[in-house]
There are 2 protein chains.
Amino acid sequence: MTISDQISSIDTSPRHPIRLVANRTGLTVDLIRAWERRYQVVDPARSDTQRRLYSDYDIERLRLIRLAKQGGHRLVNIARMPLDALRDALSEDIHFSSHHDNGEVQRPERPSLLQIDARAQTIDAMLFAIQAMDQHRFDQLLQQGMVRESLPSFLEEILAPLLQELGNATRSGSMRIAHEHMATAHLRTFLGALRYRESFTGIEPKVVITTPTGQFHELGALMAAALVSVDGWLPVYLGPNTPADEIAASAVQCSARAVCLSLTYPADDPRIPTELTRLKSQLAQNIPLFVGGSAVAAHSALISRLGIKSPASFREFREELRKLRDDQLETNS
Amino acid sequence: MTISDQISSIDTSPRHPIRLVANRTGLTVDLIRAWERRYQVVDPARSDTQRRLYSDYDIERLRLIRLAKQGGHRLVNIARMPLDALRDALSEDIHFSSHHDNGEVQRPERPSLLQIDARAQTIDAMLFAIQAMDQHRFDQLLQQGMVRESLPSFLEEILAPLLQELGNATRSGSMRIAHEHMATAHLRTFLGALRYRESFTGIEPKVVITTPTGQFHELGALMAAALVSVDGWLPVYLGPNTPADEIAASAVQCSARAVCLSLTYPADDPRIPTELTRLKSQLAQNIPLFVGGSAVAAHSALISRLGIKSPASFREFREELRKLRDDQLETNS
DNA sequence: AATATCTGGACAAAAGTGAGACAAAGTAGC
DNA sequence: GCTACTTTGTCTCACTTTTGTCCAGATATT
């Protein structure tokens, strides 16, 4: 423990049992012990019956070490680092991680027929649960889907098609408005909860996400928020129907590095061009504006004229964000 | 028990038998006695025949100790903690552990000056976090508030005033629209997640909750949904802006025992009377219709003419629901 | 009379401990 | 690209501590 750690005043008095540490760090009990045995990651005090007793300091270190490991560090190298060194290492990672954690972005895996079938079945089952007004079942299916797929492919392969079907079925009258309402409300909750996941270090770059005036459908924006959060961005979500001036002001206030809008319905709202133009003119040059959603097609001319980015897929969107982050890293250094 | 506990309004007069304590805390009778024997977790008064008599204070402590244990604390360490220390320990945990079940309690609270002050401070801190666009802090405060209060009083004493202030500040221009938007979006997620934390057995009576056509603000309806779930109802939440026909049809499809609407803004929407009349006429006689929210006042004449219930407070609302359920229980048996 | 609570003790399940084994994943050298 | 080696997460086993449940006989409540 270094001087600067002492100053930052994290409690070092030993008092927490291993189970609590496991809960708070997301590590397993076994793993915490293994790390201690092999690398002396921590050296907890003991109770009079040999139970390990950890301090808040230990917990914070373990949490950071887990994150650093996730970012590709070797345990041997980081095991003995004090807190501040870990934080430093981590803040560099955040930038570089994009090069390494190429999950499924660079390798656009070709789904097997089996997989496609399974997805279709899941979507069918969801539609059935919705018609039956069985919220519990619907939620269960959503959770299962999340486990089976990575978040990006879950959004792209399950949720997006589901929303599509839902829209079709409602328009054609084969599904009641009430069912569609219920499903939308539930999805709103579900997607909202996805957004803020565990690893939050406070140094993530921010991106403002919302929909412009007149656009009340927010599911697209929420999907974007969930998506960027897996790549280490912190989404600042403003909800739907936000005036251009307000969006620009928010971007400034929280020093966002990008702004992202979802455009869906109504696609021909005359306010869309106005708001886009206004927003783009108020944003600093180095803050790119992204748009996505079904209504983008109706405004493609304007969009390209204004220099707004409109990635064609989630994958492309992530790619653009990644580049953006790398560029800014270079400019900084 | 510390000074601040004494002041903080929880009744310490001994009166509850052990059985009731077990029911309210979710612990077994044996366990409560074992904890007392081994760790002096509580020290209940005794009747003249040696029966244990617990106070509300004891119950609350036992409930929190159960939660703390679940979070990984060891009994030895938390057994003697006073209430406020337990709450502090728990609110630290909450931040990390994502899910914890929420044994509900209803206790009639008699707020002291200190408590009112604490609540006002919480609300202020929330408003501050919102202005700073610090979503993380805002969320943290919400989670803490949840632990410090029972859900009903959290909704009534913290969230409702917060929304009020938020509205005032936005109208008066002292808060940006963007801030209000962000806060609303975050609250939407938070309240949505509250709804189905409770254990679900499949035999709960259902209540359809929504807002009528033209009413887009859904936070009130979500608060109602969270509230009823505490009392063992299953809310069927349809989201905002649902046509009367659809509401009625939903009530039929899921055989709801009640329907509940939130009316807020705009209060003078001409569609409100139409929709209320239509909905009431389509609902079966034995399905009561509840309305709540700030716009109720503007339609009180119609509401009483139609025989719609409009409880004046959350407490009254719960009371009505309770009666309703008891009545139906009797009819069934 | 049936039900609930009390005390104290006994017992068993759960969780923690140390040492070690093992397989999957990653890395290095060729 | 392919072994050989290292790293790392998980599991097992025998043993101890902690914690939840059950029981028996006595007393109290309804």
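Just so we're on the same page: letters track the sequence lines, and every chain starts at 1. Just the heavy atoms: all of them, side chains too, but no hydrogens, waters or symmetry mates, feed the values below. Given the structure is predicted, the values throughout are model-derived calculations rather than measurements.
In this structure, of dT21(D), dG9(D), dT29(D), it is dT29(D) that holds the atom nearest to the side chain of Thr49(B). For Asp30(A), whose side chain is taken as the heavy atoms from C-beta onward, the closest listed nucleotide among dT10(D), dT21(D), dG16(C) is dT10(D). The side chain of Arg74(A) lies closest to dT7(D), out of dG20(D), dT7(D), dT17(C). Comparing dG20(D), dT7(D), dT5(C) by their closest approach to the side chain of Arg51(B) singles out dT5(C). With dG9(D), dC6(C), dG20(D) as the candidates, the nucleotide lying closest to the side chain of Leu75(A) is dG9(D). The side chain of Arg37(B) lies closest to dA10(C), out of dG9(D), dA10(C), dA15(C). The side chain of Ala34(B) lies closest to dT21(D) when the candidates are dT17(C), dG20(D), dT21(D).
No donor-acceptor pair under 3.5 Å is formed between the side chain of Arg148(B) and the backbone N or O of Ala118(B).
Going from atom CZ of Arg66(B) over to atom C1' of dT19(D) covers 15 Å, rounded to whole Å. In this structure, Arg38(B) places its CZ atom 11 Å from C1' of dG8(C), rounding to the nearest Å. With rounding to whole Å, Tyr54(B) atom OH is found 11 Å from dC6(C) atom C1'. Spacing between atom CD1 of Ile32(B) and atom P of dG20(D) amounts to 12 Å, rounded to whole angstrom units.
Under 4.0 angstrom from either OP1 or OP2 of dT7(C) there lies at least one side-chain N or O belonging to Arg46(B). In this structure, Arg52(A) reaches the dT17(C) phosphate: one of its side-chain N or O atoms is under 4.0 Å from OP1 or OP2. Contact annotation: Tyr39(A) side-chain N/O to dT8(D) OP1/OP2 distance is under 4.0 Å.
As judged by a 4.0 angstrom heavy-atom cut-off over every strand, Arg19(A) is placed among residues touching the sugar-phosphate backbone only. Ser47(B) comes within contact range of no nucleotide atom at all, as no heavy-atom separation falls under 4.0 Å.
Between the side chains of His16(A) and Asn77(B), no donor-acceptor pair is found at a separation under 3.5 Å.
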